[in-house]
Amino acid sequence: VPADAAASAEGVSHNLNLYGGRKAPLSLNILLVGCGLGGLAAAHCLSQAGHRVTVFESAPAIGEVGAGIQVTPNVSRLLIRWGLGEQLSKIAVKPEAIVFRRYSTGERVGYARWGDKIEKEYGAPYVHIHRADFHKLLFDLAKDQVELKLNSTVTHIEPGPDSVSITLHTGEKFTGDLLVGADGVKSLIRTVVLGKTTNAEPTGDAAYRAVIPTELMEKDPDLKPFVDTPEMTGWMAPGRHLMAYNIRAKKLFNLVLLHPDDGSVESWTAEGSADKMRADFADFEPRVRKLLNFVSSTLKWRLMDRRPLDNWVHESGRIVLLGDACHPMLPYRAQGAAMAIEDAAVLGNLFSRVSHQSQIKPLLHAYMSLRLPRTADTQNQSRLNQHIFHLPDGPEQEKRDEAMKQAMRAELK
Ligand code: FAD
C-alpha cells in the first residue's frame with residue numbers, strides 16, 4: 001500500500017481527493033450490496049476509481065424515510081469535493097447555532113454559534129437536509145456510473161480465493177472480484193465475514209421521528225422564532241431528549257424524540273402512535289407540547305448498535321463491510337451515515353491504486369486499519385452522549401448544565 005494512502009486515518013480524511021481523476025491500473029468487477037447512503041457513496045467512489053460496480057438492493061424502489069438528517073462538515077466537505085456543493089446548498093438549511101434547553105422550563109443551558117463560524121473552522125458547512133433529498137443527491141451522482149439491480153435480495157454468498165459469488169432470492173448468480181457489504185445493521189454479509197451471526201444489540205432507546213409543516217408554526221408567536229432563526233435545538237431530560245431543526249428551505253421542521261424503548265415495536269422501524277409520543281413527552285415545556293400537537297403521524301425507530309467489531313474483512317480477502325453493516329451507532333453524534341460515507345471515500349481512494357489481484361486483500365486490510373479506530377471511537381462517543389444527554393435530575397445533571405452554561409457565557413461574551 002503506497003505510503004501516502006496508509007499515512008493515517010486523519011491524513012486520509014483530510015485529503016480524500018488524493019485520487020481525483022486517477023483510475024486504477026486494474027479495473028475490478030465489484031459487487032456492492034445495499035443502496036443506502038453508504039452504499040451509494042461507495043458506488044460513486046469505487047466507480048470513480050475505475051471499477052465496474054453492480055449494486056444489489058432488496059427494495060423495489062429507491063428512497064429514504066421522510067425525516068431529516070444532520071450533515072456534519074466531515075461529510076459536506078466530501079460532497080463538495082464530489083461536485084455537489086451547489087445542489088447541497090439548494091436543499092440544505094444551515095443552522096446558525098446549536099442550543100440546549102432544560103426540558104421542563106425551556107431554560108437555555110447551552111449555546112454555540114454555528115453557521116459561517118463552523119465553515120471557517122472546518123472548511124465546510126454543517127447543514128440539515130431531508131433524508132430523501134440526501135439519498136437522491138447521492139443516487140443521481142452514482143446512477144450513470146454503476147449498474148443498479150433493484151428488487152434483488154442477496155441470499156447466499158460464496159467466497160473463493162480468486163473471486164466471490166452471490167445468489168439472489170430469484171436464484172440468479174453473479175461473480176465478481178470483490179464484494180462490498182453495505183447492507184445495513186442487519187447485514188447478512190457481516191455474518192459471512194465473521195463466520196457467525198452476531199446481531200446488533202438494543203441500546204435501550206427508541207426514536208420517534210416526525211416532520212411538521214413550518215407554516216403551522218409561523219402562525220404561533222411562541223413557535224415562529226424556531227423558523228425565523230434556524231438553530232438546532234436540543235431539550236435534555238431524564239432518560240430522554242429531543243432534537244429539532246429546519247429542513248427543506250425551512251418548509252419543514254424535523255423532530256427526533258429519543259426515549260426509553262418500551263419494547264412495543266417488533267420491527268426496528270414502524271409507524272408509532274402520535275398520542276403515545278405526546279404522552280411520553282407531556283412533561284416537556286409548553287412550546288414542545290405545542291409542536292407535538294401538530295404531529296399527525298410518527299415513525300418509531302428502535303435504536304440498535306454494537307460494540308466495535310475487530311474485523312471487517314473476510315479471510316478470503318474478497319469481502320469487506322462498510323457503514324452500519326460493521327459499525328452501527330446511536331445517532332447521538334449524528335455520525336452513522338457520516339462514517340459510512342467516509343468509509344466509502346477511503347475505500348475508493350485505496351482502490352484507485354490497485355494494479356494486481358494480489359493487492360486486493362492488503363488494500364482491504366489497509367481500509368479497515370484506517371477506518372476502524374475512528375468508527376470505534378465514534379460508536380463509543382455516541383454511547384457516552386446517551387449517558388450525558390439523559391442524566392436524571394440531580395447533582396450530576398446540575399454539574400453538566402453548569403459546565404454547559406459556562407461555555408455558553410464564554411461563547412456569548
Ligand atoms: P442502510 O441505510 O441501512 O442501507 C442498507 C441497505 O441494504 C438497505 O437499503 C437495505 O434494503 C439493503 N439490504 C440489506 N440487506 C440486503 C440484502 N441481503 N440484499 C440486498 N439489499 C440488502 N447519521 C448521520 O450521519 N447523521 C444524522 O443526523 C443521523 N441521524 C439519525 C437519526 C436516527 C433516528 C437514526 C436511527 C439514524 C441516524 N443516522 C444519522 C444514522 C444513519 O441513518 C445510518 O447510519 C445510515 O443511514 C446507514 O447507512 P448504510 O448505507 O450503512 O445502511
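One-based numbering, in listed order, for ligands and for the atoms of each. In what follows, every heavy atom counts, from backbone to side chain, and hydrogens, waters and symmetry copies are set aside.
Scanning the protein for heavy atoms near atom 38 (C) of ligand 1, the closest one is Pro331 CB, 3.7 Å. The protein non-hydrogen atom at the shortest distance from atom 18 (N) of ligand 1 is Val154 O, 3.1 Å. Nearest to atom 10 (C) of ligand 1 among the protein's heavy atoms is Glu57 OE2, 3.5 Å. The single protein non-hydrogen atom nearest to atom 28 (O) of ligand 1 is Gln70 N, 2.9 Å, given as residue, atom name and distance. Residue, atom and distance of the protein heavy atom nearest to atom 22 (C) of ligand 1 are Ser58 OG, 3.3 Å. Shortest contact from atom 51 (O) of ligand 1 to any protein heavy atom: Gly38 N, 2.9 Å. Protein heavy atom closest to atom 27 (C) of ligand 1, with residue, atom name and distance, is Ile69 CG1, 3.4 Å. For atom 14 (C) of ligand 1, the closest non-hydrogen atom of the protein is Asp183 O, 3.2 Å.
In summary, the atoms of ligand 1 found under 4.0 Å from a heavy atom of Gly39, numbered by their order in the structure, are 51 (O). Set against the non-hydrogen atoms of Gln335, the atoms of ligand 1 under 4.0 Å away are 24 (C), 25 (O). Taking every heavy atom of Leu303 and a limit of under 4.0 angstrom, the matching atoms of ligand 1 come to 36 (C). Of all atoms in ligand 1, numbered sequentially from 1 with element shown, those under 4.0 Å from a heavy atom of Gly184 are 3 (O), 5 (C), 53 (O). The Phe56 neighbourhood of ligand 1 comprises atoms 20 (C), 21 (N), with distances under 4.0 Å to a heavy atom of that residue. Residue Val33 approaches ligand 1 through these ligand atoms, each under 4.0 Å from one of its heavy atoms: 17 (C), 19 (N), 20 (C), 21 (N).
The pair Lys276-Asp280 meets the salt-bridge criterion, with a side-chain N (NZ, NE, NH1 or NH2) lying under 4.0 Å from an Asp/Glu carboxylate O. Between Lys117 and Glu411, at least one side-chain nitrogen of the basic residue sits less than 4.0 Å from a carboxylate oxygen of the acidic one, meeting the salt-bridge criterion. One finds no salt bridge joining Lys149 and Glu172 here, because no Lys/Arg side-chain nitrogen approaches an Asp/Glu carboxylate oxygen to under 4.0 Å. Comment: Arg371 engages Asp343 in a salt bridge, judged by a side-chain N to carboxylate O separation of less than 4.0 angstrom. Electrostatic pairing of Arg240 and Asp283 counts as a salt bridge here, judged by a charged N lying under 4.0 Å from a carboxylate O. Salt-bridge formation is not detected for the pair Glu121/Arg113: no Lys NZ or Arg NE/NH1/NH2 atom is positioned less than 4.0 Å from an Asp or Glu carboxylate oxygen. For the pair Asp116 and Lys94, the salt-bridge criterion is met [side-chain N within less than 4.0 Å of a carboxylate O]. The pair Asp133-Lys90 fails the salt-bridge criterion, with no side-chain N (NZ, NE, NH1 or NH2) lying under 4.0 Å from an Asp/Glu carboxylate O. Look at Asp220 and Lys290 and you find a salt bridge, because one of the NZ, NE, NH1 or NH2 atoms lies within 4.0 Å of a carboxylate O, short of that distance.
Thr175 places none of its side-chain heavy atoms less than 4.5 Å from the side chain of Glu158.
Aromatic rings from Phe226 and Trp235 are positioned such that their centres are separated by under 6.0 Å. Side-chain rings of Phe100 and Phe389 approach one another, their centers coming within less than 6.0 Å.
Heavy-atom separations between Arg131 and ligand 1 include at least one value shorter than 4.0 Å. In this structure, Gly68 falls outside the shell of residues with a heavy atom less than 4.0 angstrom from ligand 1.
Under 4.0 angstrom from ligand 1, the non-hydrogen atoms of Asp324 come from both its backbone and its side chain. When heavy-atom distances to ligand 1 are checked against a 4.0 Å cut-off, Ala182 comes that close only through its backbone atoms N, CA, C and O. Using a 4.0 Å cut-off between heavy atoms, Ser152 contacts ligand 1 through its backbone alone, with no side-chain atom that close. With a heavy-atom cut-off of 4.0 Å, Arg209 touches ligand 1 through its side chain alone. The part of Trp301 lying near ligand 1 is the side chain, judged by heavy-atom distances below 4.0 Å. Contacts of Thr72 with ligand 1, taken as heavy-atom pairs under 4.0 Å, are absent altogether.
The heavy atom nearest to atom 2 (O) of ligand 1, considering only Ala67, Gly34, Gly36, Gly323, is found in Gly36.
At distances below 3.5 Å, at least one donor-acceptor pair connects side-chain atoms of Asn385 with backbone N or O atoms of Tyr332.
Note: no N/O pair closer than 3.5 Å links Val185 and ligand 1 by distance alone. When only interatomic distances are considered, the shortest N/O to N/O separation between Ala337 and ligand 1 falls below 3.5 Å. Note: no N/O pair closer than 3.5 Å links Thr153 and ligand 1 by distance alone. The shortest N or O to N or O distance between Ala338 and ligand 1 is below 3.5 Å.
Between the side chains of Ser273 and Asp275, no donor-acceptor pair of N or O atoms lies under 3.5 Å. In this structure, a donor-acceptor pair under 3.5 Å is present between the side chains of Gln357 and Asp177.
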